[in-house]
Amino acid sequence: QAQLVESGGGLVQPGGSLRLSCAASRSIFNNYAMGWFRQGPGKEREFAAAITPGGYKYYQESVKDRFTISRDAAKNTVYLQMNSLKPEDTAVYYCAGRTRGSVRSKNQYDYAYWGQGTQVTVSS
């Protein structure tokens, strides 16, 4: 049974917006920080944003003025609102649950739970 399920990816023009969703099992959502990572073509997976159960948010520098992470406890869902999208934002976006590490960890190896990923393509 999948514990993290992403949705909301697609094709968007430069400057456009998308909202990604990550539906999590209640145990993961309530107990762990939730993050978004991305992996572009030919690139390594990189951290984008995360939010703790208490609502503390932190971002990768390259997205912090354009992306917003949020969580809805009633739906056990984490969102990533992406605005002013650029072609370099093209990637598979993964939702993840962090099980160890510091409160501001951006290390993918601190995240034990992963979704299957959703493709985001920014192109005209």
Side-chain angles (χ1 to χ4, degrees):
Q1 181 179 359
Q3 301 191 75
L4 296 175
V5 180
E6 302 100 332
S7 61
L11 173 64
V12 63
Q13 292 187 341
S17 298
L18 279 177
R19 188 178 78 160
L20 305 183
S21 301
C22 173
S25 67
R26 181 172 298 180
S27 62
I28 294 175
F29 185 87
N30 286 342
N31 293 302
Y32 302 115
M34 300 296 298
W36 287 95
F37 286 76
R38 64 184 185 178
Q39 187 166 16
K43 298 180 181 179
E44 294 185 355
R45 187 176 297 183
E46 66 173 5
F47 172 83
I51 186 169
T52 67
Y56 177 73
K57 307 174 187 181
Y58 56 104
Y59 300 89
Q60 180 64 263
E61 190 70 20
S62 62
V63 308
K64 70 175 184 176
D65 295 327
R66 301 183 294 121
F67 292 8
T68 301
I69 191 170
S70 61
R71 63 200 306 269
D72 184 336
K75 298 181 179 180
N76 296 332
T77 298
V78 176
Y79 302 99
L80 186 67
Q81 177 68 43
M82 305 185 295
N83 299 328
S84 302
L85 283 162
K86 305 175 181 180
E88 51 264 43
D89 295 317
T90 294
V92 178
Y93 283 71
Y94 298 91
C95 176
R98 192 184 80 214
T99 54
R100 65 179 192 181
S102 68
V103 68
R104 293 177 58 86
S105 173
K106 300 177 181 179
N107 186 342
Q108 63 176 311
Y109 298 107
D110 288 339
Y111 291 74
Y113 299 103
W114 291 86
Q116 82 287 354
T118 185
Q119 176 71 47
V120 172
T121 302
V122 184
S123 175
S124 55

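By convention here, the first residue in the shown sequence is residue 1. What you are looking at is a predicted structure, and each value in this text was computed from that prediction instead of being measured.
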query = Is Val12 reachable from Val92 through a run of hydrophobic residues whose side-chain heavy atoms are each under 4.5 Å from the next?
reply = no

inquiry  = Hydrophobic clusters here meaning ILVMFWY residues chained together by side-chain heavy-atom distances under 4.5 Å, can you tell me if Ile51 and Tyr94 are in one?
reply    = no

For residues [X] and [Y], report the shortest heavy-atom separation together with the two atoms involved.
X: Arg104; Y: Arg98; answer: N-NH1, 4.4 Å
X: Thr77; Y: Ser21; answer: CG2-CB, 4.2 Å
X: Tyr58; Y: Val103; answer: CE2-O, 3.2 Å
X: Cys95; Y: Leu4; answer: O-CD1, 3.7 Å
X: Trp36; Y: Cys22; answer: CZ2-CB, 3.6 Å
X: Pro14; Y: Ser124; answer: CD-N, 3.7 Å

In Å and rounded to the nearest 0.5 Å, what is the [atom1] to [atom2] distance from [X] to [Y]?
X: Ile69; Y: Thr52; atom1: CD1; atom2: OG1; value: 9.5 Å
X: Thr118; Y: Gln116; atom1: OG1; atom2: CD; value: 7.0 Å
X: Thr121; Y: Gln119; atom1: OG1; atom2: CD; value: 4.0 Å

Counting N and O atoms only, with roles assigned by atom type, does the side chain of [X] sit under 3.5 Å from a partner on the main chain of [Y], one being a donor and the other an acceptor?
X: Asp89; Y: Lys86; answer: yes
X: Ser105; Y: Ser102; answer: no
X: Ser17; Y: Asn83; answer: no
X: Glu6; Y: Gly117; answer: yes

ask   = Going by the angle between their ring planes, with limits at 30° and 60°, are Tyr113 and Tyr32 parallel, tilted or perpendicular?
value = tilted

key: Parallel, tilted or perpendicular: ring planes of Tyr111 versus Phe37, cut at 30 and 60 degrees   =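 Taking Phe37 first and then Tyr111, their aromatic rings stand perpendicular (interplane angle over 60°).
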
With heavy-atom distances below 4.5 Å as the criterion, would you say the side chains of [X] and [Y] are in contact?
X: Leu85; Y: Leu18; value: yes
X: Glu88; Y: Thr90; value: no
X: Met82; Y: Leu20; value: yes

request  = Please determine which of Arg38, Gln108, Gln60 meets the side-chain contact (heavy atoms from CB on, under 4.5 Å) test together with Phe47.
outcome  = Gln60

message = Closer than 4.0 angstrom, basic N to acidic O: yes or no for Glu61 and Lys64?
response = yes

Chi angles and distances behind the side chain to side chain contact (heavy atoms under 4.5 Å, CB included) call for Arg45, Trp114 = CA-CA 12 Å; Arg45 187 176 297 183; Trp114 291 86; 3.1 Å; yes

request  = Answer yes or no on whether Arg71 is positioned over the face of Phe29, meaning its NZ or CZ is under 6.0 Å from the six-membered ring centre and within 45° of the axis.
outcome  = yes

query = Can you check salt bridge (Lys or Arg N to Asp or Glu O under 4.0 Å) on Asp110 and Arg100, steps first, answer last?
reply = CA-CA 5 Å; Asp110 288 339; Arg100 65 179 192 181; 3.1 Å; yes

